[in-house]
Amino acid sequence: MQTSSVFFAAKPALPPGCVRSLYTTQAPSTANDPNSMAAAGAGPKWAQKTIILPPQRRGCHLITPKITKEIAQDLSEFKCGLAHLFLQHTSASLTINENYDSDVREDTETFLNKIVPEGRSAPWKHTIEGPDDMPAHIKSSLFGCTLTVPITNGQLNMGTWQGIWLCEHRDNATPRKVVVTLNGI
Amino acid sequence: MQTSSVFFAAKPALPPGCVRSLYTTQAPSTANDPNSMAAAGAGPKWAQKTIILPPQRRGCHLITPKITKEIAQDLSEFKCGLAHLFLQHTSASLTINENYDSDVREDTETFLNKIVPEGRSAPWKHTIEGPDDMPAHIKSSLFGCTLTVPITNGQLNMGTWQGIWLCEHRDNATPRKVVVTLNGI
Amino acid sequence: MQTSSVFFAAKPALPPGCVRSLYTTQAPSTANDPNSMAAAGAGPKWAQKTIILPPQRRGCHLITPKITKEIAQDLSEFKCGLAHLFLQHTSASLTINENYDSDVREDTETFLNKIVPEGRSAPWKHTIEGPDDMPAHIKSSLFGCTLTVPITNGQLNMGTWQGIWLCEHRDNATPRKVVVTLNGI
């Protein structure tokens with residue numbers, strides 16, 4: 001898994017862009033500003049990391065704990081910003097929905113299977129990878145592969161009942177990659 | 001309601017992060033740049049505000065005027081940027097659609113009720129809060145709870161016929177919170 | 001077509017905001033930083049451009065090559081960031097899906113026409129512009145008009161099989177405007 005961190009330029013895995021960004025925002029204020037440390041700490045920051053999620057069974061899965069665990073250290077450095085999640089696949093999706101009752105996730109899977117026909121009765125031409133192939137592509141566009149969540153005081157600023165879901169639309173799941181980009185101050 | 005403003009650091013309600021951000025981008029140029037005022041004014045800025053929308057009846061509602069009124073002062077300070085809206089709920093949604101004919105909003109509600117079954121015929125397991133509970137969750141993921149709109153010359157750069165809609169999917173509506181994050185120069 | 005570029009402030013078509021942003025981030029470090037060129041190059045940058053897509057027939061169209069061609073020069077200057085696409089219309093949509101087999105795009109159009117009724121059997125009140133008018137609005141909200149894609153080392157960091165689609169939901173297509181906003185370091 002690629003990793004990156006906002007704050008420690010020494011980390012070998014840091015994308016060069018992110019290192020240079022921090023350097024840029026800190027250098028001028030460090031040279032001229034009595035409050036340079038505070039200023040540097042509050043300068044615009046970027047972090048980007050690719051998280052690999054293990055294969056999940058077909059259906060909707062709550063991944064908030066996994067995502068927040070992976071980005072907690074970086075996230076804590078942002079007072080105000082945005083966290084962008086991007087799923088690099090076309091047969092799964094990301095959405096935000098209820099974080100408590102697993103029935104909500106099961107009912108959502110029931111709904112998706114109800115509106116996207118699958119099997120002999122389905123009109124799809126694209127069936128290269130089996131009956132669940134084309135339905136997975138359609139479900140991916142219905143829910144989407146990208147989310148942006150506000151960051152406030154070092155945390156994802158979601159509602160009490162909101163959670164991040166990975167919806168796996170294939171029967172034979174593979175690992176799924178999510179590129180997380182943090183941007184803020 | 002939380003409030004914040006991009007430009008006046010003295011405002012008590014400003015999140016510390018946003019204040020420090022402005023301070024950072026202005027301090028170095030003020031110290032060293034003959035064009036410091038212009039430069040400072042053009043520095044990267046962040047603003048974040050939580051808007052509380054009063055309860056609305058079930059259906060689709062045009063909220064562009066309410067949103068723009070709440071953020072107009074901050075928005076006017078951005079020449080180029082992005083405005084991010086995040087609805088902190090799982091039984092309502094945000095979408096962008098036609099801003100003129102209310103029939104479009106009524107027909108959209110008709111469509112949502114048509115594809116998401118409700119009541120005795122519905123297969124939902126999650127019915128804790130009534131027959132409109134699970135359908136509301138599904139509709140929330142279909143349209144989504146987050147929008148990002150470009151900012152150009154101090155205004156939301158939407159098309160002539162585009163408006164921001166709050167879609168309320170519950171029969172007994174509650175106030176809805178939208179976290180608005182502005183980022184730009 | 002409006003155009004803008006991140007790096008050359010002299011370009012007349014540059015939005016003033018973007019010019020001043022670059023000036024701001026470069027001026028302080030140039031004055032005080034031995035690594036000013038590198039620092040300037042790595043400073044927070046914004047670029048915004050409106051791309052006009054020619055009329056397309058009703059259906060789903062892969063537009064990744066057109067979009068990347070339009071923004072390639074700007075994109076190459078970002079090591080880490082986000083690319084935001086915003087379609088300024090309510091009867092077409094943007095989505096990310098499979099970039100190889102055109103059957104996937106045709107099957108997706110088949111699906112959209114299947115779940116959104118059109119013609120005499122449809123319950124729509126909004127029919128001002130014909131039978132495809134209201135269905136186009138609904139499809140626009142189902143897929144959405146906005147996308148955000150991570151930028152890594154000067155390129156859109158999408159998955160191997162992902163492409164950007166413009167879905168045209170009207171029978172008589174018009175040119176479509178996409179506002180692209182790049183933000184990063």
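By convention in this document, chain letters (A, B, ...) are assigned in the order of the sequence lines, proteins followed by strands, and residues within each chain are numbered from 1. Worth saying up front: this structure is predicted, and the values here are computed from it rather than measured. What's counted below: heavy atoms across the whole structure, side chains too, no hydrogens, waters or symmetry copies.
Atom-to-atom distance recorded for A:Asp132:CG and A:His137:NE2 is 9.5 Å, nearest 0.5 angstrom. For the atom pair OG of A:Ser76 and CG of A:Asn153, the computed distance is 11.5 Å after rounding to the nearest 0.5 Å. In this structure, A:Ile71 CD1 and A:Leu75 CG are separated by 4.5 Å, a value rounded to the nearest 0.5 Å. A:Phe143 contributes atom CZ, which lies 13.5 Å from atom SG of A:Cys145 (distance to the nearest 0.5 angstrom). Note that CD1 of B:Ile51 is 8.0 Å distant from CD1 of B:Ile63, once rounded to the nearest 0.5 Å.
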- Mind running side-chain contact (heavy atoms from CB on, under 4.5 Å) on A:Val104 and B:Met134 for me, showing each step along the way? CA-CA 7 Å; A:Val104 177; B:Met134 191 58 219; 3.8 Å; yes
- Evaluate salt bridge (Lys or Arg N to Asp or Glu O under 4.0 Å) for A:Lys45 paired with A:Glu77, printing each intermediate quantity in order. CA-CA 9 Å; A:Lys45 292 183 287 278; A:Glu77 304 293 352; 6.0 Å; no
- Message: Apply side-chain hydrogen bond (donor to acceptor under 3.5 Å, both in side chains) to residues B:His126 and A:Asp101 and explain how you reach the verdict.
- Response: CA-CA 8 Å; B:His126 177 83; A:Asp101 181 3; 2.7 Å; yes
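Contacts of residues 158-177 of chain B with chain A at a heavy-atom distance below 4.5 Å are absent; not one residue qualifies. Residues of residues 115-123 of chain B that come closer than 4.5 Å to chain A, counting heavy atoms only, are B:Ile115, B:Val116, B:Pro117, B:Pro123, ordered by residue number. The contact list for residues 83-99 of chain A toward chain B, using heavy atoms and a distance under 4.5 Å, reads A:Thr95, A:Ile96, A:Asn97, A:Glu98 by residue number.
Taking A:Lys114 as the reference, nothing meets the side-chain hydrogen bond (donor to acceptor under 3.5 Å, both in side chains) condition, with sequence neighbours excluded.
Contact annotation for B:Thr181: only side-chain heavy atoms (C-beta onward) come within less than 4.5 Å of a heavy atom of chain A. For A:Ile151, the part lying near chain B is the backbone, with the side chain staying farther off; criterion is any non-hydrogen pair under 4.5 Å.
The main-chain N or O of B:Pro65 is found under 3.5 Å from a side-chain atom of B:Thr68 such that the two form a donor-acceptor pair. No donor-acceptor pair under 3.5 Å is formed between the side chain of A:Ser140 and the backbone N or O of A:Ala136. Formation of a donor-acceptor pair under 3.5 Å by the B:Lys49 side chain with backbone atoms of B:Glu70 is found in this model. Looking at B:Lys66, its side chain never comes within 3.5 Å of a backbone N or O of B:Leu53 through a donor-acceptor pair.
With a 6.0 Å radius and a threshold of 12 heavy atoms from other residues, nucleotides or ligands, A:Glu106 has its CD atom above the threshold. Around CD of A:Glu109, the count of heavy atoms belonging to other residues, nucleotides or ligands within 6.0 Å exceeds 12.
Heavy-atom pairs under 4.5 Å with chain B were tallied for A:Thr110, A:Thr108, A:Thr148, A:Leu112; the largest tally goes to A:Thr148. Contact count versus chain A (heavy atoms, under 4.5 Å) is highest, among B:Ile128, B:Thr146, B:Leu82, B:Leu142, for B:Leu142.
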